[in-house]
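This report refers to the structure that appears directly beneath it.
All values below come from the heavy atoms of this structure, side chains included, with hydrogens, waters and symmetry mates left out.
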Amino acid sequence: MLWLAIAALLPTAGASAQDIPTTFEFSFSNPGARSLGLGGAFAALADDATAAFANPAGLVQLLRPEVSVEGRHWSYSTPYVAGGRYEGEPSGLGLDTVDGPRTAVSEESINGVSYLSFVYPRGNWSVALYRHQLANFRARTETQGLFSLHYDGTDARTLDRRWSTDLDIVSYGVSGAYRIHEKLSLGLGVAYFDGRLDSEFEWYLWDDDSFESFYGPNSYLADRQVAFGDMLFDGSDWGFNVGLLSTLSERWRVAAFYRQGPEFDLAWNIRAGPAVGAITDVPVTPGSNLVVVATPIAFPDVYGLGVTYRSPDGRLAIGFEWDRVEYSTIIDGLDPTVLEAFEDLDLDVELAVDDGDELHLGGEYAFLQATPVIAVRLGVWLDPVHRFRSISSDPEHRALFPPGEDELHLAVGIGLAFENFQVDAGVDFSDLVDTASLSVIYSF
């Protein structure tokens with residue numbers, strides 16, 4: 001009987017697959033304010049304690065034990081569809097004045113300790129312990145007044161929806177490196193991931209059954225809630241990373257690395273709200289489960305190559321890095337029953353996300369005669385689009401999950417190097433994410 005209720009509910013409410021985040025933001029870029037100021041082009045430098053994550057092969061370059069700590073500020077501007085009309089001509093009444101989707105932006109800011117590490121070098125060996133914030137993302141949205149047409153040509157309004165997402169993934173790792181030749185070193189690491197996703201959503205009817213309310217704003221009244229639910233995981237996983245660093249000459253170095261992403265067990269639940277009876281004649285008890293799905297969700301593996309040039313006087317270093325991020329893993333790794341549950345109801349709710357190529361370019365100039373040594377940095381990098389996009393034939397689904405665009409990041413930084421410690425600051429700007437970083441490295 002619940003499946004009959006779902007069949008009646010979802011075509012009015014829009015496909016349930018709408019109620020997943022439109023995107024996740026990760027910290028795939030290398031840790032440390034120095035790397036941030038270089039636009040993330042750090043794998044072939046990898047000459048401080050942050051190499052434990054960026055490229056463990058670089059750890060053999062350290063001559064003394066080091067401790068590193070980094071704090072970051074993230075500012076997220078996440079676009080989403082807030083309303084508008086995806087089918088038919090606007091009536092000009094109330095909220096129904098926009099031809100096409102009406103977009104808004106979720107603005108959220110987060111502060112936290114993003115990286116900690118300790119490195120102990122000994123001869124041709126080096127070992128490191130670290131903690132890295134892989135993801136720390138938050139978004140809040142409200143959709144009101146998304147209009148279309150009924151089969152008879154009259155106006156239809158999708159159920160209004162509120163949605164929130166909090167994603168937190170931290171890795172704790174141990175990395176080791178060995179210099180097998182004066183021009184070649186290898187690194188290997190093992191990481192333990194601790195992750196939590198808390199994504200909650202609610203569907204509402206407009207405030208009452210009047211003509212004015214149908215076209216007006218929604219107050220999200222408790223007794224008008226049709227359905228609510230959540231997507232949750234709270235678990236752990238293990239992964240590994242490997243790295244290679246080769247010195248081609250005194251001026252040129254190349255690097256390669258691979259990092260495995262974590263996988264968690266996701267629970268996806270949709271439950272009936274107090275107003276569920278208003279849109280279906282099938283008896284449904286408020287609070288009862290409508291959809292319960294359990295599926296693994298895998299996060300991207302990352303691999304890449306880097307190259308660095310250093311000038312003969314050692315003042316200038318220029319780095320380039322290519323990172324391949326396998327974003328498609330997020331969708332491809334879901335259990336097939338997630339979509340089969342909706343295919344049984346003749347709902348087309350398919351989503352896709354493409355793998356992406358991050359391109360990082362950065363430069364550093366050091367004033368070696370200054371005390372302390374001062375280094376200034378400049379970087380730029382391309383963040384490939386990783387928004388979930390609809391590949392459904394359903395026009396509402398396509399309106400809620402439109403294609404995104406690549407993002408260009410600009411970064412600047414400065415560092416002060418004393419005899420035993422180094423202080424670095426960096427900022428990274430883009431349309432969707434702004435990041436500020438302050439890190440300290442102490443050697444002894």
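Between the Arg224 side chain and the Ser219 main chain, no donor and acceptor come within less than 3.5 Å of each other. Here the side chain of Arg102 pairs a donor or acceptor atom with the backbone of Gln144 at under 3.5 angstrom. Of the possible donor and acceptor atoms, none in the side chain of Glu200 sits under 3.5 Å from a partner among the backbone N and O of Ser164. Judged by distance alone, the side chain of Asp301 and the main-chain N or O of Gly261 form a donor-acceptor pair under 3.5 Å. A distance-only check finds no donor-acceptor pair linking the side chain of Thr165 to the backbone of Ser199 [under 3.5 Å]. When atom types are taken as modelled, the side chain of His150 and the backbone of Ala156 share no donor-acceptor pair closer than 3.5 angstrom. Using modelled atom types, one side-chain atom of Arg85 and one backbone atom of Ser148 make a donor-acceptor pair closer than 3.5 Å. Proximity of a side-chain donor or acceptor of Arg157 to a complementary backbone N or O of Phe214 within less than 3.5 Å is detected. Between the Asp355 side chain and the Ser328 main chain, a donor and an acceptor come within less than 3.5 Å of each other. A donor-acceptor pair under 3.5 Å is formed between the side chain of Asn55 and the backbone N or O of Leu244.
Side-chain contact check for Leu146 versus Arg161: every heavy-atom pair is 4.5 Å or farther apart. Between Phe388 and Ile330 there is a side-chain heavy-atom pair separated by less than 4.5 Å. No side-chain heavy atom of Arg387 sits less than 4.5 Å from a side-chain heavy atom of Pro403. With contacts defined as side-chain heavy-atom distances shorter than 4.5 Å, the pair Ser106/Glu108 qualifies. For the pair Val284/Leu290, a side-chain contact is recorded, criterion being any heavy-atom separation below 4.5 Å from C-beta on. The side-chain heavy atoms of Pro384 and Val325, taken from C-beta on, include no pair separated by under 4.5 Å. Between Pro90 and Asp99, the closest side-chain pair of non-hydrogen atoms falls below 4.5 Å. By the 4.5 Å heavy-atom criterion applied to side chains, Pro262 and Leu134 are counted as neighbours.
Nearest approach of Gln225 to Phe228, heavy atoms of both residues: OE1-CD2, 3.3 Å. Contact detail for Leu221 and Asn218: the closest heavy-atom pair is N-OD1, 4.4 Å. In terms of heavy atoms, Gly176 sits closest to Pro56 at O-CB, 4.3 Å. Nearest heavy-atom pair, Val119 versus Ala128, reported as atom, atom and distance to 0.1 Å: CG2-CB, 3.8 Å. Listed here is the closest heavy atom pair of Ala399 and Tyr86: CB-CB, 3.6 Å. For Asn111 against Trp74, the heavy-atom pair with the smallest separation is C-CZ3, 4.4 Å.
The number of heavy-atom neighbours closer than 6.0 Å to CD of Glu405, taken from other residues, nucleotides and ligands shown, is 12 or below.
Using cut-offs of 30° and 60° for the angle between ring planes, the Phe299 and Phe233 rings count as perpendicular. Using a 30° and 60° split on the angle between ring planes, Phe53 and Tyr130 fall in the perpendicular class, above 60°.
Considering CZ of Phe201 and CH2 of Trp163, their distance stands at 11.5 Å, rounded to 0.5 Å. With rounding to the nearest 0.5 angstrom, the OG1 atom of Thr143 is 7.0 Å from the OH atom of Tyr80. One finds the CG atom of Leu378 at 15.0 Å from the OH atom of Tyr365 (value rounded to the nearest 0.5 Å). Expressed to the nearest 0.5 Å, how far OG of Ser77 lies from CG of Asp434 amounts to 6.5 Å. Between atom CG of residue Asn269 and atom CG of residue Leu232 there is a gap of 7.0 Å, rounded to the nearest 0.5 Å. Distance check, rounded to the nearest 0.5 Å: CD of Glu66 to CZ of Phe118 gives 10.0 Å.
Judged purely by distance below 3.5 Å, without hydrogens or angles, the side chains of Glu70 and Ser437 pair a donor atom with an acceptor atom. In the model, Trp206 has no side-chain atom that pairs as donor or acceptor with a side-chain atom of Asp160 under 3.5 Å.
For Tyr309 and Phe320, the ring centers are positioned 6.0 Å apart or more. Ring-centre distance between Tyr204 and Tyr220: below the 6.0 Å cut-off.
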Point to revise | Verdict with supporting geometry, Asp194 and Asp168, side-chain contact (heavy atoms from CB on, under 4.5 Å) | key: CA-CA 8 Å; Asp194 184 14; Asp168 184 17; over 6 Å; no
Check your understanding: Does the side-chain contact (heavy atoms from CB on, under 4.5 Å) test come out yes or no for Val302 and Phe257, once each step is laid out?
Key -> CA-CA 8 Å; Val302 183; Phe257 67 89; 4.0 Å; yes
Practice item. Start with the C-alpha distance between Asp166 and Arg140, add both sets of side-chain angles, then the distance that settles salt bridge (Lys or Arg N to Asp or Glu O under 4.0 Å), and finish with yes or no. Key: CA-CA 9 Å; Asp166 291 273; Arg140 306 284 186 270; 3.0 Å; yes
Exercise for review: Show your reasoning for whether side-chain contact (heavy atoms from CB on, under 4.5 Å) applies to Leu416 and Ile374.
Suggested key: CA-CA 5 Å; Leu416 302 176; Ile374 301 172; 3.7 Å; yes
Exercise for review: Apply the test side-chain contact (heavy atoms from CB on, under 4.5 Å) to residues Ser430 and Asp383: give CA-CA distance (whole Å), side-chain angles for both, the deciding distance (0.1 Å), then the verdict.
Suggested key: CA-CA 9 Å; Ser430 72; Asp383 187 10; over 6 Å; no
Please list, one pair per line, the donor and acceptor atoms closer than 3.5 Å that link side chains of residues 406-413 to other protein atoms, with sequence neighbours excluded.
unit_1, atom_1, unit_2, atom_2, d
Asp406, OD1, Val385, N, 2.9
Glu407, OE1, Asp431, N, 3.2
His409, ND1, Asp428, OD1, 2.6

For residues 43-52, please give each side-chain donor-acceptor pair under 3.5 Å, one per line with the distance, not counting sequence neighbours.
unit_1, atom_1, unit_2, atom_2, d
Asp47, OD1, Arg34, NH1, 2.5
Asp48, OD1, Thr50, N, 2.9
Asp48, OD1, Thr50, OG1, 2.5

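Listed by chain and number, the residues in a side-chain contact (heavy atoms from CB on, under 4.5 Å) with Tyr215 are Ser91, Leu93, Asp96, Phe147, Asp155, Phe211 (sequence neighbours excluded).
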